[in-house]
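The structure appears right after this line, and notes come after that.
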Amino acid sequence: MAAVTVDSLLQNPTLLFRPKSKVLLKPSRSLDCSRNRKLLLSRSSCFCGFKIKPRQTSLVVRASSSETAVIDNFDTSSTDDVLYKETFPVNRIEKVEGKIFIRLDQSKNQQDWQLTVGCSLPGKWILHWGVSYIGDSGSEWDQPPKNMRPPGSIPIRDYAIDTPLNKPSKGEMFHEVKIDFNPSNEIAAIHFVLKDEETGAWYQHRGRDFKVPLVDYLEDDGNTVGAKRGFGVWSGALHQFSNVLLKAEASPADSPNNNNNESKDSKNKNRHLEGFYEELSIVKEVSVGNLVSVAVRKSLETSKLVLHLETDVPGNVVVHWGICRDDAKRWEIPAAPYPPETTLFKNKALRTLLQPKATGNRSGALFTLDEEVFGFLFVLKLDDNTWLKFEENDFYVPLSGASSVLGQHGQSESTSEEISSNSYTDGIINEIRNLVSGLSSEKSQKTQTKEAQESILQEIEQLAAEAYSIFRSSIATFPEEDVAETDTDSTKPTVKISSGTGSGFEILCQGFNWESHKSGRWYMELQEKASEISSLGFTVIWLPPPTESVSPEGYMPKDLYNLNSRYGTIDELKELVKSLHKVGLKVLGDVVLNHRCAHSKNQNGIWNIFGGRLNWDDRAVVADDPHFQGRGNKSSGDNFHAAPNIDHSQEFVRKDLKEWLGWLREEIGYDGWRLDFVRGFWGGYVKDYLDASEPYFAVGEYWDSLSYTYGEMDHNQDAHRQRIIDWINATNGTAGAFDVTTKGILHSALERCEYWRLSDQKGKPPGVVGWWPSRAVTFIENHDTGSTQGHWRFPGGKEMQGYAYILTHPGTPAVFYDHIFSNYRSEIAALISIRNRNQIHCRSMVKIVKAERDVYAAIVDEKVAMKIGPGYYEPPSGGPQRWSVALEGKDYKVWETS
Amino acid sequence: MEVLVMCSSQAKICKTELGCRDLRSCFGKTNYKNETFSRKPNSVSFDKQISRLRKAGLRFTVKAVHFEPILEAKSSTGSKSLDRLRLFVGLPLDAVSDGNTVNQARAIAAGLKALKLLGVEGVELPVWWGVVENEEMGKYEWSGYLAVAEMVQKAGLKLHISLCFHASGQPKIALPKWVMKIGESQLSIFFTDRLGQPYRECLSLAVDDLAVLDGKTPIQVYRDFCESFKSSFSAFIGSTITGISMGLGPNGELRYPSHHKPAKSGTITGVGEFQCYDTNMLNLLKHNAEANGNPLWGLGGPHDVPTYYQSPNLSTFFNDHSGSWESPYGDFFLSWYSSELVSHGNRLLSLTSSFFGDFEVNVYGKVPLMHSWYKTRAHPSELTAGFYNTASRNGYEAVAEMFARNSCKIILPGMDLSDKHQPHDSLSSPESLLAQIRTTCNKHGVEIAGQNLASGGLEQIKKNMLGENPIELFTYQRMGARFFSPEHFPSFTEFVRSLNQPELQRDDLPPEEVEATESVQMSSDPNIHLQTA
């Protein structure tokens with residue numbers, strides 16, 4: 001809101017001139033943009049602006065937009081005296097207050113309920129939410145049932161949903177989202193936090209998730225909304241049932257259980273719910289544009305310069321100012337007189353409190369300066385301790401004689417614009433730092449200070465990590481062995497073991513699925529299959545995560561040294577590993593290093609204190625996950641929100657984890673690792689762990705989304721594979737990574753009959769395997785994507801085409817347990833045997849010979865030819881090689897040289 | 001709220017806090033109402049409070065004026081030195097290695113940003129003769145270095161330029177190709193030892209004024225180089241560039257290459273050897289001996305000295321008692337040997353300060369800390385390096401006097417070294433030597449800037465920086481993979497913060513954090529040597 005009146009100037013007794021009339025000057029667009037050389041040179045055209053509108057009298061002008069509206073009063077008869085006039089746009093951060101409302105009410109059909117969350121502030125709001133089920137312990141979220149998810153929801157792994165808030169209609173003040181649910185679901189509470197995608201800020205309730213309890217007897221941890229109003233209707237007689245979770249009886253008056261169609265059972269499941277509406281205030285920091293206008297004129301009477309500074313920045317504005325005598329823009333203190341409310345600041349600058357104008361939300365001041373002053377420098381300080389500068393520099397108003405100004409200024413622009421000394425403002429920043437530390441004895445300031453320091457330190461740390469990874473990679477450049485390896489004698493396989501590749505001839509078996517924990521004796525069951533798996537031609541088997549875990553599948557580890565899990569005991573595990581070794585299989589342990597579930601709560605009731613042998617406290621938890629109040633550093637990767645993310649930048653954490661990995665190698669006999677959710681932390685740490693534990697083979701799960709345009713997958717997935725490559729690179733090539741890119745492209749190619757996708761622009765395989773084959777672990781399905789979870793299932797019925805591709809191509813192929821023990825078994829076995837017999841390895845050369853709509857064909861190491869897709873392909877006959885069919889199946893065919 | 005506390009030095013804070021409290025009482029509690037969603041609870045603005053603030057602000061302004069003079073007097077000592085303490089960090093030695101490209105520019109850019117945020121004042125950039133003037137004499141390629149200077153300027157940091165007229169082993173940066181070619185046929189442009197082995201990493205000081213480089217003297221070549229540097233960087237000198245250090249010899253230091261190879265860490269450094277056996281040095285020696293009336297003394301260096309890696313007592317020259325160093329011959333030789341070094345330094349520094357004297361830059365030269373055997377009477381390591389400093393003679397007088405004459409400052413590396421980390425038998429004492437040089441420099445009004453030799457040793461550096469006699473400027477060596485590694489960078493961050501906020505370190509940190517800091521620093525290995533320019 002920039003509304004300007006000018007008559008206020010008249011009231012100032014120090015005014016040395018008498019304006020006769022007032023001129024309204026609306027700045028042209030060019031005045032609005034930042035002050036650059038062009039603008040300065042065009043200043044003369046601004047004068048024209050004055051002259052075109054002479055002697056116009058307008059008293060008060062109100063502009064409603066903050067973009068326009070600079071009005072200064074000038075005596076038109078003396079416009080020639082106006083030496084300089086400039087409007088600087090400035091941006092400041094303002095706190096805007098708004099409301100969040102949460103409403104729980106019954107929908108029309110009397111059966112379903114609806115939770116509405118709204119927010120009155122502008123922004124791109126996302127509700128990040130999950131539920132907890134009755135009987136859950138701990139603070140983890142679960143994903144809500146599908147029918148509860150509003151349209152547009154995106155699942156975030158397996159514990160939460162992101163749903164955008166929308167405006168129901170244009171005129172609405174609130175963005176809102178409605179979640180419909182049936183209270184008969186066994187949901188104990190809905191948890192959420194609000195996220196503003198514009199700023200990336202999270203909004204929580206009393207420092208925690210918002211929690212809307214749907215059952216009455218939930219423990220109130222202090223973050224509950226909607227209170228426990230239903231509590232009153234508990235019948236005393238029912239207390240005896242209080243351990244029978246679902247038997248809360250509802251009072252008929254306000255409960256939705258009058259549905260006659262419901263069985264008696266479901267009636268029992270109805271819980272008493274009472275609608276509520278609650279509003280909470282919310283404060284968001286938004287960037288607000290304001291203007292600072294400066295006009296310099298010459299006083300005829302005193303031949304001094306009068307500088308008028310005005311701004312629409314609200315509140316108390318203090319100008320820190322000084323003058324300079326040359327281009328170097330060094331701050332100096334001018335001679336008196338000074339405007340009222342001026343004090344000397346550290347002998348470096350003067351500071352003047354701008355005086356509020358009688359009308360409008362503006363304040364300003366007049367400065368009287370000697371004629372020979374070269375320039376006027378200033379910065380503004382606002383109420384909320386922020387400094388306003390001009391594009392990182394001090395504001396600068398050139399004052400030297402009108403005629404010489406332009407020339408001189410042009411020069412100063414070219415030479416000293418960038419050099420312009422930041423010394424004064426830098427000084428201020430330093431002083432703030434010093435102050436900040438000095439003030440820390442004051443309590444409320446202390447926390448604030450710490451936060452500010454923390455955020456700076458975190459930024460520093462990120463930058464350092466970036467610099468580190470580049471410096472380091474350039475010292476020990478990873479050797480891309482592809483070229484070197486192909487030179488070696490191909491009849492005798494070169495076996496060079498490295499943790500990124502194993503021998504290079506590995507074929508991986510994923511030795512479990514999502515249900516494997518159910519029997520409680522998986523290790524024993526698998527042991528019986530050991531020789532079978534080995535005889536199929538596999539060389540490496542990946543076992544499920546072995547640690548004690550909050551979730552039965554093992555991916556929510558708790559005590560890392562407790563290896564009794566739902567898959568079996570530690571002794572059974574040792575037995576299993578022994579028998580796998582006996583049949584010649586290397587064994588990978590599935591290690592979850594990104595996160596770890598806590599044993600107990602901290603003083604705020606947050607689950608972030610660990611137990612067991614590694615009894616870390618909240619310093620081991622990253623600081624940037626709103627759920628877990630970690631005291632560690634900011635995460636070096638993405639956050640996994642269901643459990644505290646481990647801060648790998650802590651030396652003690654790394655030391656402990658290295659020790660643990662070493663223990664697993666020693667004690668259990670694991671040969672290597674499958675690393676869970678490595679997106680969560682920097683690959684350089686992985687290198688550290690692998691260097692310490694020296695695995696035979698290691699592969700990381702770096703799983704993020706491919707790029708799609710309008711729901712259709714882009715042909716070029718280079719960005720996606722680059723991210724995976726970057727991670728491998730950060731580990732210095734000590735680990736391979738699952739080739740998620742190849743899986744995604746196979747999906748589209750097979751599903752939509754778009755086999756052309758299987759060649760990139762350079763005629764190479766389009767996945768990670770095309771760029772860094774020796775580090776790509778190709779797969780088509782795993783326990784997450786397939787099995788009973790089916791998060792991203794391979795196109796049904798086309799699995800063998802997928803295997804025909806990955807088992808003939810370079811990279812290290814991984815076969816999913818479910819597929820091995822299915823009808824595909826003999827075909828998979830045949831493919832593996834073709835691969836082994838032709839010594840295809842992770843660095844084999846692939847030549848794509850066809851990538852068309854309905855067929856893809858390639859020749860690998862000139863020994864194996866393959867095609868997938870319904871289209872026609874036959875390898876060339878009459879050439880040096882004689883091809884014979886080795887295997888044929890539905891829409892695929894493989895040949896080998898005979 | 002910060003209006004209230006806009007004062008500068010530490011000493012003022014207690015007073016401003018008073019102001020703060022006054023204000024709060026006039027606000028009442030409302031302003032501190034904890035807003036659930038606000039990170040800065042006291043900065044929420046309410047209309048009513050604005051007017052209150054205004055009143056309060058006025059009140060305070062008056063107070064501030066009142067306080068100012070009192071506080072000024074109080075804060076004159078302690079905090080002032082803090083204000084002036086400047087910390088620089090060296091850029092990678094091979095930031096530019098082929099003239100027109102910046103190596104790892106992205107990493108350097110990120111690093112600069114990080115340093116700026118940390119509050120570091122600037123960075124040091126080694127500029128190599130063998131990079132800029134590599135192909136032929138007078139053909140300079142500055143673009144890579146200009147790009148770095150621009151990056152530094154953009155980051156808002158200051159720049160200290162080290163002109164390197166020497167070669168580097170790791171990373172490999174040799175002298176200019178054309179110089180090396182001349183050297184192939186004319187070995188005498190290099191320092192040579194008793195066995196006739198040349199040292200190819202810098203030119204012998206004996207050729208300073210001999211036209212050995214295609215008709216030009218090395219001094220002329222250095223001058224042309226500086227001239228070209230000056231015109232190419234004129235936009236930066238005095239603003240972004242605040243310091244220039246002149247390369248004076250091996251590793252940029254004012255010394256003879258008395259140790260051809262750097263000593264292995266953990267082993268005792270030998271005494272080194274005199275380097276006076278190239279033809280030109282021998283000529284100088286001969287003339288000098290003849291002028292002295294002892295022509296026989298001019299035939300070569302002392303014959304009774306140990307070799308590079310031996311300890312002093314293996315031969316008689318450096319013996320603590322009645323060693324030849326105390327004989328008239330010894331005195332003659334050492335006086336000559338050391339004065340040649342000082343004159344060499346004088347030639348280069350007078351050239352440099354005349355070049356850059358009219359700019360607002362400081363000119364530096366580096367003086368080595370030859371600390372091994374300091375506890376013997378003869379100080380053999382210093383003697384072979386060219387410093388005639390013994391138990392009975394302060395050899396740094398002449399050096400400091402020369403620096404003072406040229407208004408140059410001294411860079412002293414090795415401020416990270418402490419006596420307790422020296423091998424016990426080495427009789428070395430970096431701390432005593434440092435103290436001696438600093439006292440001597442103080443006497444002559446020569447300012448000292450510090451550097452470290454290895455990463456780590458931060459406690460010792462801090463002691464040197466913040467002690468009774470704090471140094472002006474410290475350059476920490478050096479940016480690179482190790483610098484930013486998780487093993488090192490956190491302790492460096494702590495180090496910088498503790499320099500900025502000594503109060504916080506002492507009083508305000510919870511005890512366990514202090515411990516953590518210390519343990520980090522303890523764990524950094526003092527033996528890992530960083531690259532030095």
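Sequence lines set the chain letters: A, B, ... in the order given, protein chains first and strands last, and positions in each chain run from 1.
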Proximal component of S485(B), with respect to chain A [non-hydrogen, under 4.5 Å] = both

query = Which residues pass the side-chain contact (heavy atoms from CB on, under 4.5 Å) test with S234(B), sequence neighbours left out?
reply = none

inquiry  = Holding to side-chain contact (heavy atoms from CB on, under 4.5 Å), I want the full list of residues that pass it with K158(B), two or more places apart in sequence or in another chain.
reply    = F88(B), E121(B), T242(B)

request  = Specify the closest pair of heavy atoms between A464(A) and A114(B), including all atoms of both residues, with the distance to one decimal.
outcome  = N-CB, 4.5 Å

query = Can you name the nearest heavy-atom pair linking A107(B) to A467(A), along with the distance?
reply = O-CB, 3.6 Å

inquiry  = If I take atom CD from residue E461(A) and atom CG from residue L117(B), how far apart are they, to the nearest 0.5 angstrom?
reply    = 12.5 Å

ask   = Between NZ of K113(B) and CD of E466(A), what distance do you get to the nearest 0.5 Å?
value = 7.5 Å

ask   = Checking heavy atoms, do the side chain of F652(A), its backbone, both or neither come under 4.5 Å from chain B?
value = neither

Derivation and outcome, side chain to side chain contact (heavy atoms under 4.5 Å, CB included), residues Y468(A) and F489(B) = CA-CA 10 Å; Y468(A) 178 47; F489(B) 193 72; over 6 Å; no

